[in-house]
Number of protein chains: 2
Amino acid sequence: MSNSPDPTRRSNASRQAILDAAAELIAEVGFRRLTIEAIAVRAGVGKQTIYRWWPSKGAVVFDALLALQHDADGLRIPESGDLGVDLRLLLRETAAGLVDPHLEEPYRAVLTEIQHDPVLVEELRERLLGPLLSATRDWIRRAQDRCQINAATDPAVVVDVLYGPLFYRWLLRTGPLDEDYLQALTAAVLPVITASSGPNPLRASVEGSPPVVAGIED
Amino acid sequence: MSNSPDPTRRSNASRQAILDAAAELIAEVGFRRLTIEAIAVRAGVGKQTIYRWWPSKGAVVFDALLALQHDADGLRIPESGDLGVDLRLLLRETAAGLVDPHLEEPYRAVLTEIQHDPVLVEELRERLLGPLLSATRDWIRRAQDRCQINAATDPAVVVDVLYGPLFYRWLLRTGPLDEDYLQALTAAVLPVITASSGPNPLRASVEGSPPVVAGIED
DNA sequence: AGGTCAAGACGGGCCGTCTCGTCTCGCCTA
DNA sequence: TAGGCGAGACGAGACGGCCCGTCTTGACCT
């Protein structure tokens, strides 16, 4: 009847071996041909140990992805004060993650899986997207306070305008995310978000006015 | 050694039955649980007839999607001359397709599959994305000719800025594509597009900022 | 003693291929 | 013009194989 296992007795060695094996295998054969059985064998682990702690193959890969990118860095948003410079750095850093040889496949796998797996959606929302997006929104709000971004625009919408084009091109595979593109994109997006001409309204004047379209809550 | 079947002898009735069955089943059980066998049974068709004409489950769904949306409409881009009105209509029509009960699942399935299936990428590029994007680029060029969109920006980049935020929100499931959002997005994006309105003090401070083309502003 | 562990057996579902007999064509000959 | 012939697509479904997710066993570790 004990439906949920006891986390305090969990073998950390097995957990790490599973994540490592998953990361290796997805790089070797891709997500489609990745199997739980292969992960278990590679990790020297019983299948049950995987099924005990993860609800799906996608969840394993998601944890493997988190471990990988946590090794790499930890989400820092540049803030020099020069919006053009900061924006270019932000987009470049984001794009770098999307095309990183170790990260690209897991990223695609996770974004693929959330299209059909509501549980994973919530996982992604809380542990990856949430922190990232709320940090980005804070960054945007500070730029709005400096009157560098139109204060009348909902930060959540600005986020979409910033990241959207990048992910669109990457997911639909309509073109490369090279330096030229990032340059052109920065130049195109900058005026969109830049505070429009004339005096900018103080943030106080719009505080709480734009009903934020329900999204990820921070 | 005859590797490829003869298209002239293909049964159109079977083809249509397969596409219909695929469309029905994906709506009933989703793409993950959709099987070739089930499609064959529902369509009253031998499995071999499916494998003979389609290379993968994703390809079947892609054709079913094309049939569905061809029934619905045929990509018309509004062009009243008023950029704000046209833009809002374009975004609204695009969003309508993404949330249409009959189309959403197939759309997600196809965009999911292209992450792992190079053959389907090419198929999508040629038969869905290609026509759509080239039509959009033409629309953008005409607006640039009317000095309504900054002529210095690559139309392909403008496409990304227009469609990107929409797809980003839809694929990452960070919020609904409701009327409020489309309104806010249009308001945020329009300024780019519009070749710069009056003087913007910030723009001078940004190195490499886009050359401003004097435009017609409302 | 109770719970996790590695190892692997187990039934089941779907894969992609194949085999079978039928049906529809286009072609050849009388 | 009629009739026979071969090629190939067709419906149906058998087949081996892979992987699924569960279950069993005995060792190990608190």
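Each chain gets a letter, A, B and so on, in the order the sequences are listed, and its residues count up from 1.
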(request) Measure the shortest side-chain to side-chain distance between A:Trp53 and A:Arg15 over non-hydrogen atoms and say whether it is less than 4.5 angstrom. (result)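 The answer is no, as the side chains (C-beta and beyond) never meet within the 4.5 Å cut-off.
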
Can you check the [X] [atom1] to [N] [atom2] distance for me, whole Å?
X	N	atom1	atom2	result
A:Arg15	C:dC5	CZ	P	12 Å
A:Arg9	C:dA6	CZ	P	14 Å
A:Arg32	C:dC15	CZ	P	12 Å
A:Leu34	D:dC20	CG	C1'	13 Å
B:Ile18	D:dA9	CD1	C1'	12 Å
B:Arg33	D:dC20	CZ	P	17 Å
B:Glu37	C:dG16	CD	C1'	10 Å
A:Asp6	D:dC28	CG	P	21 Å

- Taking for each residue the nucleotide of DNA chain D with the nearest heavy atom, is it A:Ile36 or B:Pro7 whose nucleotide lies nearer the 5' end?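 Between the two, 5'-proximity favours B:Pro7.
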
| Does a side-chain N-to-carboxylate-O contact under 4.0 Å join B:Glu28 and B:Arg33? |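 Answer for the salt bridge query: no.
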
Please confirm whether the backbone N or O of [Y] pairs with a side-chain atom of [X], one donor and one acceptor, at under 3.5 Å?
X	Y	result
A:Gln148	A:Gly81	yes
B:Glu123	B:Val119	no
A:Lys57	A:Phe31	yes

Checklist entry - Reckon A:Ser14 touches a base, only the sugar-phosphate, or nothing at all at heavy-atom distances under 4.0 Å? => result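 Since only primed, P, OP1 and OP2 atoms lie under 4.0 Å of A:Ser14, the category is sugar-phosphate.
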
| message | Short of 4.0 Å, heavy atom to strand atom, which residues of residues 41-52 of chain B count as contacting DNA chain C? | response |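 Close to the strand are B:Lys47, B:Gln48, B:Tyr51.
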
>> Ignoring hydrogens and geometry beyond distance, is a side-chain donor-acceptor pair present between A:Thr8 and A:Asp6 at under 3.5 Å?
In response: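 The criterion, which ignores hydrogens and geometry beyond distance, is satisfied for A:Asp6 and A:Thr8.
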
field: Donor-acceptor pair (no angle test) under 3.5 Å: A:Arg10 side chain, C:dT4 base
entry: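 Not at all, since no donor on one side and acceptor on the other fall under 3.5 Å apart.
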
Query - salt bridge (Lys or Arg N to Asp or Glu O under 4.0 Å) against A:Arg32, all qualifying residues, sequence neighbours excluded - result: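 So A:Arg32 forms a salt bridge (Lys or Arg N to Asp or Glu O under 4.0 Å) with B:Glu113.
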
